[in-house]
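One structure below.
Naming convention: chains lettered A, B, ... in sequence-line order (proteins, then strands); numbering from 1 in each chain. In what follows, every heavy atom counts, from backbone to side chain, and hydrogens, waters and symmetry copies are set aside.
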Amino acid sequence: MNYWLVKSEPFKYSWDDFVNQGTGVWDGVRNYQARNNLKAMQVGDLVFFYHSNEGLEIVGLAKVVKEAYQDPTTEDNRWVVVDLVPVEKLPKTVTLKQIKADERLKDIGLIKQMRLSVTAIKPEEFDIILGLAHD
DNA sequence: GCCAACGTTGGC
DNA sequence: GCCAACGTTGGC
């Protein structure tokens, strides 16, 4: 079981859009590192949903229900998508500010590789963030 | 809206 | 295969 964090710009695709839709096809990834992370996802992996540009906070938790397959939005077979479903809206959102302020989270992919839209989360980081969300 | 970070492209 | 130019992302 692995943990991940995906970013989305809320005016493009927000947590609420995701919940309304039920199943989210995570498409549009055009970055090799992010793609490799998508390929490494397994059914049941938990994924934080982060709002970039607006919000700047982790708003919800999702899980992988279908592993990487050809991105239907392109013919180019270099790119893949995964299917996600919502698990829960976090009782308290965890802001980028909080994450940056937390010494234990200073090596998190979200900060170290700010521009990567799909990053891996260590189990201990996952627990810390979930702890902050249920604080 | 600005700009830093960084990935990608293309000329050599 | 290097590296400058360019484009995109995302925090501020």
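Rounded to whole Å, the distance from CG on L96(A) to P on dT9(C) is 18 Å. We find that CG of L56(A) is positioned 9 Å from C1' of dC12(C), with the value rounded to whole Å. Straight-line distance from the CG atom of L5(A) to the P atom of dT9(C): 17 Å, rounded to whole Å. Per the geometry, CG belonging to L116(A) stands 8 Å off P belonging to dG7(B), to the nearest Å. Protein atom CG of N53(A) is 10 Å distant from nucleotide atom P of dT9(C), rounded to whole Å. The CD1-P distance, from I111(A) to dG11(C), rounds to 11 Å in whole Å. To the nearest angstrom, P of dG7(C) lies 14 Å from CZ of R115(A). Between the OH atom of Y32(A) and the P atom of dC6(B) there is a distance of 20 Å, given to the nearest Å.
Annotation: cation-pi geometry satisfied between K66(A) and Y69(A) (NZ/CZ under 6.0 angstrom from ring centroid, within 45° of ring axis).
Judged purely by distance below 3.5 Å, without hydrogens or angles, the side chains of E57(A) and T93(A) pair a donor atom with an acceptor atom. Side-chain contact of W4(A) with D45(A): a donor-acceptor pair under 3.5 Å is present, judged by distance alone. No donor-acceptor contact under 3.5 angstrom links the side chains of D16(A) and S14(A), judged on distance only.
Across all strands, K100(A) comes closer than 4.0 Å only to sugar-phosphate atoms, never to a base (heavy-atom distances).
Taking only side-chain nitrogens and oxygens, Y50(A) comes nearer than 4.0 Å to OP1 or OP2 of dG11(C). Contact annotation: K7(A) side-chain N/O to dT9(C) OP1/OP2 distance is not under 4.0 Å.
Across dG10(C), dG11(C), dC6(B), the shortest atom-to-atom separation from the side chain of M114(A) is found for dG11(C).
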